[in-house]
Amino acid sequence: MSQEILIGLDCETECAVDGCSGSDCQHALIPHQARITVVGAYWEVMGAPCRRVFRDLAELRLFLDTFPELMILAFNGKFDMKMLRYHGVNIPIERWVEDPCLQAVASYVKVPEDYLQWYEAKRKEHNKARKKGRAHREAGQHSLKVLAPYFLGVDPFWEPEDHDDDQYVLLDTEYAYKLHSVLQTMLKEQGTETFYREKLLPWSRMFLEAEERGVMLDMDLVNRGAAESEAMAKEAKEALDKLWAPAYAAQRLQAKAQLADQYGAMETKAIAKLKVSTDERVRKTIEKYHGLYLQAVEKIEPFNMGSPSQLKWLLRDYLGLDIHGYDGKESTDAEVLERLAAEGREDVKLLLKYREQTKLASTYFPAYKEMARDGILHGSFNLATARTGRTSSSNPNLQNQPRSLRQIFRARPGYKLLVKDLGAIEPTLIAYYSECPVLYDVLAAGKDFHGFNANVIFGQDWDLKALKKERPAERDMAKEIGLSVLYGAGGTRIRIASMKRGYHWSDEKCRQIASNLRAAWPGVTDFKRQLDAAARAGKPITNMFGRKRQFTDPDDVAMHAFNSLIQGTGSDLLLDGTHRALQEMRSKGIDAHLLMTVHDELICEVPEGRAEECDAIVTRCLTDYKLETPHGLVPLTVEGGIADTWTK
DNA sequence: GAACCACGCGCC
DNA sequence: AAAGGGCGCGTGGTTC
């Protein structure tokens, strides 16, 4: 058997959409809207560098087929693999075995903040000097642009004007290849290599397949919904235009007066400057500036209710409304508008409706229409963006889809969607890490966590079993406040939550409630203190999956260490469980696919006939972690089930 | 015209 | 002592 050899590959892509001229065009990132211009390859034989450039993908395919001992190293390989596989180079995902980007994610030693800032300054300098070609975008802490100069000590490098330059693609590939061995040594020393190899890499492969599979949309619903939201937004706007016509007129008058002042001043100045001040010259000057004034009046923009600053003027200055939020700051956000609407402002109700519908009509429906190919939406999932270790999603972001639109996401014919989410995962993990006896008791005994908080907040001793039915409003408020305080919120947050519901509690009372809640979870408060101290001392914080994060700025620790640990662990637990479930389903010959994850939720597509079986496997894999504490195991729970669409 | 920022809002 | 955190995207508005 021939020995495996690592080969670094890097794809350069460009926008392949006819007539696209968008400056912030993302098409080069979307397989079916991109073209691969060139692929660079770099490897070493007995320490000697070998380089090769492929412009013909058939040639690359032949090359890879001919040398099966070549295993692939690629920086953010999910992207390159996706591009290559989409464009006909059918590389099995198992052949992608190294990814320096994921190594950098696993490493708790990061590129320092001041280096990033230095690089940022360099980048801006370069962009300014650039004559043509695309500007360089901000480089994140896990980008090759930053990692290579920092860890390899090479100069910052920039893409050439002609994008398929041989030298450039080879440089990229070589840096990725060399970065790999530097980081490999680092990860070994840190004890993070296993996390990289056994967790991040398999997860990234898992997302590669999820992205390739994509999720089916009900395009009839999309088209209907798009038309409907546009119509409703238009309707709300027209009604508002009528109600606010006097305000628009006033704004216009004000703008005209301002222009009159402005041009009047210019006119006076010009007349004063006249060398020969004949009546004729003066008359001409006046005519000139009056003409300019009239031109400017023509150009006065109509009132734009999409502009927060204009809205502020209308609501506050013209209508005389109080637009202070519960945090004391002026704003036109939903919180302020909802208060005004509750006070009976019909126009503000319409504005809220307008906002809601324009959000759908400008953000979500267009994305479905433009980004779905053949009715299938292929989002992208990123393991290297969120500092906590959560995944993020983009192009489009599948993790912020409005609940009201989720029926658009459907299972393919013959399949079902298996939608499962981890129940109260964050309180569960807080109980595990903090070993707080009270929190453990509430969760282990299946008591009502929010009801418990309601009693603390209202100073009552209500029956926990009956509270959900008898005092839903109080429980709902406790849900918001209790979780917030557990995550670190204070009195301000409580004031906001209570004022929203019509309470008028003093700052002092709110601070007292926050303090009472912290005292109600003594273990949590202690643990947070200890964790903060460790983080401030620069100690890397390790979670149960081997993910490590270090804080280098002691001032940045407040709340971050704790939230990062909890969020990151929740995310890791979901991904790990999902990955194991998929392996098991595949090993049983089930044609199951992951479609997406949303932090504590997964959506799989499973064959109709085996959906129950899959449900059982997923449920078991998500709950079989042993969350041991001195008081016993903290139970993990899973909710959700089998459906045709993404709804519960 | 491009880059950047603030705001607002969808989700967890 | 006090403090929620994490994302991506569209729009308006400013600046170079």
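Here is the naming used below: chain letters follow the sequence lines, and residue numbers restart at 1 for every chain.
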Engineer: Once hydrogens and angles are ignored, does a donor-acceptor distance under 3.5 Å link the base of B:dC12 to the side chain of A:R390?
Structural biologist: yes
Engineer: Just jot down the salt bridge (Lys or Arg N to Asp or Glu O under 4.0 Å) partners of A:K353, sequence neighbours excluded, or say none.
Structural biologist: none
Engineer: How would you label the contact of A:T385 with the nucleic acid (heavy atoms, under 4.0 Å): base, sugar-phosphate, or nothing?
Structural biologist: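 The residue A:T385 makes sugar-phosphate contact but no base contact.
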Engineer: Please report the distance, rounded to the nearest Å, between CG in A:D327 and P in B:dG8.
Structural biologist: 11 Å
Engineer: With sequence neighbours excluded, give me every salt bridge (charged side-chain N to carboxylate O under 4.0 Å, His left out) pair touching residues 385-398 of chain A.
Structural biologist: A:R390-A:E426
Engineer: Please list, by residue number, the residues of residues 566-574 of chain A whose heavy atoms come closer than 4.0 Å to an atom of DNA chain C; answer none if no residue qualifies.
Structural biologist: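 DNA chain C contact set from residues 566-574 of chain A: A:Q567.
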Engineer: Under 4.0 Å between any heavy atoms, over every strand shown, what does A:T492 touch: base, sugar-phosphate, or nothing? Just pick one.
Structural biologist: sugar-phosphate
Engineer: Between A:D576 and A:K199, is the closest basic N to carboxylate O distance under 4.0 Å?
Structural biologist: yes
Engineer: Figure out the CD1/P separation between A:I603 and B:dC11, and round it to whole Å.
Structural biologist: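 After rounding, the gap between these two atoms is 14 Å.
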Engineer: Please pick, from B:dC12, B:dG8, B:dG10, the nucleotide with the shortest atom-to-atom distance to any side-chain atom of A:R403.
Structural biologist: B:dC12
Engineer: Remember a base hit wins even if backbone is also touched, and classify A:A514 as base, sugar-phosphate or nothing at under 4.0 Å, heavy atoms.
Structural biologist: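 Nothing, no heavy atom under 4.0 Å.
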Engineer: Could you tell me how far apart A:E138 (CD) and B:dA2 (C1') are, to the nearest whole angstrom?
Structural biologist: 15 Å
Engineer: I need the full list of ring-ring contact (aromatic ring centres under 6.0 Å, His included) pairs touching residues 518-538 of chain A, with sequence neighbours left out, sorted by first then second residue.
Structural biologist: A:F449-A:W521, A:F452-A:W521
Engineer: Just by distance, no angles: are the side chains of A:D526 and A:Q530 close enough, under 3.5 Å, to form a donor-acceptor pair?
Structural biologist: no
Engineer: Please work out if A:A386 contacts a base, only the sugar-phosphate, or nothing of the nucleic acid, heavy-atom cut-off 4.0 Å.
Structural biologist: sugar-phosphate
Engineer: Which parts of residues 535-553 of chain A get close to DNA chain C, meaning a heavy atom less than 4.0 angstrom away?
Structural biologist: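 The stretch gives none, as no residue of it lies under 4.0 Å from the strand.
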Engineer: Base, sugar-phosphate, or nothing: which does A:T391 touch, judged by heavy atoms less than 4.0 Å apart?
Structural biologist: nothing
Engineer: Let me have the donor-acceptor pairs involving side chains of residues 357-365 of chain A, under 3.5 Å, with sequence neighbours excluded, atom names and distances please.
Structural biologist:
{"unit_1": "A:T358", "atom_1": "OG1", "unit_2": "A:Y354", "atom_2": "O", "d": "2.8"}
{"unit_1": "A:T358", "atom_1": "OG1", "unit_2": "A:R355", "atom_2": "O", "d": "3.0"}
{"unit_1": "A:S362", "atom_1": "OG", "unit_2": "A:T358", "atom_2": "O", "d": "2.7"}
{"unit_1": "A:T363", "atom_1": "OG1", "unit_2": "A:K359", "atom_2": "O", "d": "3.3"}
{"unit_1": "A:Y364", "atom_1": "OH", "unit_2": "A:N400", "atom_2": "O", "d": "3.0"}
{"unit_1": "A:Y364", "atom_1": "OH", "unit_2": "A:N400", "atom_2": "ND2", "d": "3.4"}

Engineer: List for me each residue that meets ring-ring contact (aromatic ring centres under 6.0 Å, His included) alongside A:F409, sequence neighbours excluded, and say none if there are none.
Structural biologist: A:Y368, A:W646
Engineer: Please report, rounded to the nearest Å, how far the P atom of B:dC11 is from the CD atom of A:Q399.
Structural biologist: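 Value for this atom pair: 13 Å.
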Engineer: Base, sugar-phosphate, or nothing for A:R123, non-hydrogen atoms under 4.0 angstrom?
Structural biologist: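 Result for A:R123 = sugar-phosphate.
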Engineer: When the distance from CG of A:L337 to C1' of B:dC9 is rounded to whole Å, what number comes out?
Structural biologist: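 Atom CG in A:L337 sits about 12 Å away from atom C1' in B:dC9.
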Engineer: Taking only residues two or more places apart in sequence, or in another chain, which ones meet A:W313 in a ring-ring contact (aromatic ring centres under 6.0 Å, His included)?
Structural biologist: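 Once residues adjacent in sequence are excluded, the partners of A:W313 under the ring-ring contact (aromatic ring centres under 6.0 Å, His included) criterion are A:Y318.
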Engineer: Mind checking what makes ring-ring contact (aromatic ring centres under 6.0 Å, His included) contact with A:Y248, not counting sequence neighbours?
Structural biologist: A:F303
Engineer: Once you round it to whole Å, what is the distance between P of B:dC11 and CZ of A:F381?
Structural biologist: 16 Å
Engineer: Chain A on DNA chain C: first and last contacting nucleotide, 5' to 3', under 4.0 Å to a heavy atom?
Structural biologist: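 Contact span on the strand: C:dA2 to C:dG13.
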Engineer: Tell me what A:Q310 touches on the nucleic acid: a base, only sugar-phosphate, or nothing, going by heavy atoms under 4.0 Å.
Structural biologist: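 Here A:Q310 touches the backbone only, sparing every base.
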Engineer: How many whole angstroms separate atom CD of A:Q401 from atom C1' of B:dC9?
Structural biologist: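 Atom CD in A:Q401 sits about 13 Å away from atom C1' in B:dC9.
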Engineer: Provide the full list of salt bridge (charged side-chain N to carboxylate O under 4.0 Å, His left out) pairs with a residue in residues 474-491 of chain A, sequence neighbours left out, each pair given once.
Structural biologist: A:D448-A:R475, A:R471-A:E474, A:D476-A:R501, A:E480-A:K500, A:E480-A:R501
Engineer: Atom CD of A:E338 and atom C1' of B:dC9: how far apart are they, to the nearest Å?
Structural biologist: 11 Å
Engineer: With sequence neighbours excluded, tell me which residues meet ring-ring contact (aromatic ring centres under 6.0 Å, His included) with A:H136.
Structural biologist: A:H126, A:W158
Engineer: Does A:K82 come within less than 4.0 Å of A:E212, counting only side-chain N to carboxylate O?
Structural biologist: no
